[in-house]
Amino acid sequence: MDIWVDAKKLLSVITALYLFKRINVNLLLFNFCVHGRFRCVIYLQVFNAKTAELLSHHQVEIQQKFPKEGWVEQDPKEILKSVHECVERTCEKLQQLNIDITNIKAIGVSNQRETTVVWDKTTGEPLYNAIVWLDLRTQSTVERLLKRIPGKNKSFFKFRTGLPLSTYFSAVKLRWLLDNVEEIRQAVDDGRAMFGTIDSWLIWSLTGGKNGGVHCTDVTNASRTMLFNIHSLEWDPELCQFFDIPVEILPKVRSSSEIYGLMKSGALTGVPISGCLGDQSAALVGQMCFQDGQAKNTYGTGCFLLCNTGQKSVFSQHGLLTTIAYKLGRDKPVCYALEGSVAIAGAVVRWLRDNLGIVKTAQEVEKLAAEAGTSYGCYFVPAFSGLYAPYWEPSARGIICGLTQFTNKKHIAFAALEAVCFQTREILDAMNKDCGIPLNQLQVDGGMTNNKVLMQLQSDILCIPVVKPSMPETTALGAAMAAGAAEGVGIWSLNPGDLTAVTCERFEPQINPEESEFRYARWKKAVMKSMGWETSEAPSNGDTSIFCSLPLGFFIMSSMIMLIGAKYVSG
């Protein structure tokens with residue numbers, strides 16, 4: 001089995017705010033690449049919050065585990081060990097830069113939102129490996145649960161949770177653990193078990209663990225479990241009953257910006273942990289999308305677009321999800337977001353490189369596309385494992401159409417980049433319909449935003465400006481802002497007038513709207529031709545890709561967040 005999980009999401013983020021001549025030190029850890037031997041590299045970054053200058057970084061390699069086909073796991077102890085190592089090494093580097101680490105004022109955490117961990121509160125030991133977001137072992141669990149829902153309606157709980165029933169979210173992962181791991185069942189019976197996503201595991205461990213560690217999560221992470229009522233902001237008793245999950249093992253849900261506890265070990269002992277956001281919410285905050293209708297799109301393996309809908313939860317009629325964007329303080333209002341995803345974005349560039357071999361590096365795709373300047377009527381629909389929003393069509397498969405004898409690899413490279421932009425347009429159109437307020441510009445981040453041809457194409461196809469911050473570490477920045485703004489820390493104002501302006505690169509449309517609409521219409525025609533290739537029956541070749549068994553209307557986060565500049569851009 002050969003699986004790419006290329007910087008898909010943040011494995012974990014520890015963001016330390018350093019207040020000394022207005023320098024904020026952010027310790028950012030994230031999963032960079034998994035391929036072949038399943039290598040995960042955690043990067044830790046240090047940057048100046050005033051100038052966004054990268055000051056220092058450290059990295060640690062950990063292993064991703066694939067015990068069976070479709071199973072994906074991580075070792076929680078290895079994650080924690082890597083966090084400690086990155087913190088210690090980065091503090092050493094700061095000292096070498098003559099920066100006194102005693103001035104570090106707060107720590108924020110950002111993480112992937114669905115990966116599930118259960119541990120023993122008496123020993124501090126994980127009771128099983130963390131089950132990662134894309135793990136498919138719970139498909140039979142979903143099918144069993146679906147039989148208990150009237151009409152087998154996958155969206156039955158949507159108006160409580162904003163989510164469809166699927167393998168993706170934490171509740172079904174936890175249900176599988178309770179059904180299949182005797183040690184976990186026994187720990188639950190004995191009152192020793194604790195459940196959490198990666199943020200909960202890290203905060204509990206860093207604030208003392210078995211010696212008084214704080215068991216909590218924030219609203220953004222809780223909203224991805226399928227156990228949380230996004231309106232009452234509490235664990236839902238009926239949902240817990242449906243999944244047969246005891247409320248006692250769940251973490252306390254708190255806001256995204258408050259002091260949860262103090263670091264109890266290492267160089268940062270005594271520093272408060274005061275910020276917690278799921279990675280996509282952190283990026284929304286880091287992009288300063290605080291007003292209704294503001295949106296950001298992260299370009300990675302896939303694309304991940306969030307639109308702030310303010311204090312109103314908007315339920316999509318066009319294939320998007322409703323989730324909590326942030327709650328920046330205990331007494332602050334909760335804000336919601338609509339989410340949409342594109343399954344294949346950066347992954348199509350890797351496909352051109354690794355499967356077709358028409359380029360040797362990702363950077364060559366940009367060069368070829370620039371030389372072509374057009375697809376010359378060639379359209380690429382990279383529905384390698386079906387289509388995500390707004391279609392949710394698992395029967396679709398990838399096609400390249402409009403080929404002539406004149407078509408060459410330059411045109412295909414251009415069409416591949418254009419496909420990313422067309423898919424984003426479809427998501428944005430769905431959001432505009434749901435929100436009723438057309439977006440007047442799109443804020444972007446992620447590894448693919450280093451591709452200037454792509455960014456210009458995106459502006460041309462959307463017919464609105466595309467704005468890219470010069471500092472791409474928006475997730476780290478968002479966690480830092482939440483931590484620094486917390487009551488009792490108070491070193492970062494979130495008032496729009498007080499926020500430091502971020503230098504941005506702006507891409508304006510360079511083609512007329514008529515041409516854009518013509519190309520988009522041709523793309524939609526190609527999309528229609530990509531549908532209906534596969535039946536709903538299980539594939540005979542044993543294929544268990546992360547997409548082939550997704551139910552219609554299911555939303556999965558296949559995007560990556562790439563936060564560190566060109567030299568780390570995934571293929």
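What you see is a predicted model, and the numbers here were worked out from it, not measured in a lab. Positions are given from 1, in the same order as the sequence printed here. Computed from heavy atoms alone, side chains included, the values below leave out hydrogens, waters and symmetry copies.
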Closest contact, heavy atoms only, Leu442 versus Ala295: CD1-O, 4.3 Å

Heavy-atom distance under 4.5 Å between the side chains of Leu457 and Phe414, does that happen here? yes

Test item: Thr197 side-chain N/O and Thr115 main-chain N/O as donor-acceptor pair under 3.5 Å: no

Donor-acceptor check, side chain of Arg113 to backbone of Arg224, threshold 3.5 angstrom: yes or no? no

First locate atom CG of Leu352, then atom NZ of Lys360, and finally report the distance between them rounded to the nearest 0.5 Å. 15.5 Å

Classify the ring geometry between Trp176 and Trp71 as parallel (under 30°), tilted (30 to 60°) or perpendicular (over 60°). perpendicular

May I ask you to check whether Asp279 and Ser110 show a side-chain donor-acceptor distance below 3.5 Å? no

Counting distance only, does the side-chain N/O of Thr309 pair as donor-acceptor with the main-chain N or O of Tyr336 below 3.5 Å? yes

What is the distance from atom OG1 of Thr220 to atom CG of Asn111, rounded to the nearest 0.5 Å? 7.0 Å

Roughly how far apart are Leu462 CG and Leu428 CG, rounded to 0.5 Å? 5.5 Å

Heavy-atom count check: over 12 atoms from other residues, nucleotides or ligands less than 6.0 Å from Tyr128 OH? yes

Got a sec: does the NZ of Lys77 have more than 12 other heavy atoms crowding it under 6.0 Å? no

Tell me, do Met448 and Val349 make a side-chain contact under 4.5 Å, heavy atoms counted? yes

For the pair Gln287 (side chain) and Lys296 (backbone), establish whether a donor and an acceptor sit closer than 3.5 Å, ignoring hydrogens and angles. no

Please step through side-chain contact (heavy atoms from CB on, under 4.5 Å) for the pair Phe422 and Val381, ending with a clear verdict. CA-CA 9 Å; Phe422 286 134; Val381 182; over 6 Å; no

Rounded distance (nearest 0.5 Å) linking atom CD1 of Ile412 with atom CG of Leu417: 12.5 Å

Do Trp533 and Ile399 have side-chain heavy atoms sitting under 4.5 Å apart? yes

About how many Å separate NZ of Lys468 and CG of Asp445, when rounded to the nearest 0.5 Å? 10.5 Å

Hey, are Asp434 and Ser316 close enough side-chain-wise for a donor-acceptor pair under 3.5 Å? yes

Quick one: closest heavy-atom pair of Ser166 and Met226, and the distance? N-SD, 4.4 Å

Pro76 and Asn129, any side-chain heavy atoms less than 4.5 Å apart: yes

Whether the side chain of Glu114 engages the backbone of Ser170 through a donor-acceptor N/O pair (distance < 3.5 Å, no angle test) should be reported. no

Do Met288 and Gln443 have side chains that get closer than 4.5 Å, going by heavy atoms? no

List the atom of Asn432, the atom of Leu439, and the distance in Å for their closest heavy-atom pair. OD1-N, 3.1 Å

Does a side-chain heavy-atom distance below 4.5 Å link Tyr376 with Asn408? no

How long is the gap from CG on Asn512 to CD on Glu517, to the nearest 0.5 Å? 10.5 Å

Run the side-chain contact (heavy atoms from CB on, under 4.5 Å) check on Val72 and Phe66 step by step: do they pass? CA-CA 5 Å; Val72 189; Phe66 299 85; 3.6 Å; yes

Report the relative orientation of the aromatic rings in Trp133 and Tyr168; use parallel for angles under 30°, tilted for 30 to 60°, perpendicular for over 60°. perpendicular

Side-chain ion pair, Glu73 and Arg137, N-O less than 4.0 Å: yes

What heavy-atom pair brings Cys303 and Ala345 nearest, and what distance separates the two atoms? SG-CB, 3.7 Å

Min side-chain heavy-atom separation Pro164-Leu321 under 4.5 Å: yes

Heavy-atom nearest pair, Glu366 first then Lys452, reads OE2-N, 3.0 Å

Worked check of side chain to side chain donor-acceptor pair (under 3.5 Å) between Ser516 and Asp460: CA-CA 7 Å; Ser516 175; Asp460 291 343; over 6 Å; no

Donor-acceptor list for residues 520-530 side chains, cut-off 3.5 Å, not counting sequence neighbours:
from: Tyr520; atom 1: OH; to: Asp429; atom 2: OD2; distance (Å): 3.1
from: Lys524; atom 1: NZ; to: Tyr391; atom 2: OH; distance (Å): 3.4
from: Ser530; atom 1: OG; to: Val527; atom 2: O; distance (Å): 2.7

For side-chain contact (heavy atoms from CB on, under 4.5 Å), just list the numbers for Leu165 and Val172, CA-CA rounded to whole Å, side-chain angles, deciding distance to a tenth of an Å, and then say yes or no. CA-CA 8 Å; Leu165 181 65; Val172 291; 4.0 Å; yes

Checking side-chain polar atoms at under 3.5 Å, does Asn308 have a donor or acceptor matched by the opposite partner on Tyr326? yes

By side chain to side chain donor-acceptor pair (under 3.5 Å), which residues pair with Glu418, not counting sequence neighbours? Arg519

Verify side-chain contact (heavy atoms from CB on, under 4.5 Å) between Phe507 and Val444, making sure each step is shown before the conclusion. CA-CA 11 Å; Phe507 297 85; Val444 300; over 6 Å; no

Going by distance alone, is a donor N or O of one side chain under 3.5 Å from an acceptor N or O of the other, for Ser256 and Asp218? yes

State, to 0.1 Å, how close Gln112 and Asn221 come at their nearest heavy-atom pair, and which atoms those are. O-OD1, 4.2 Å

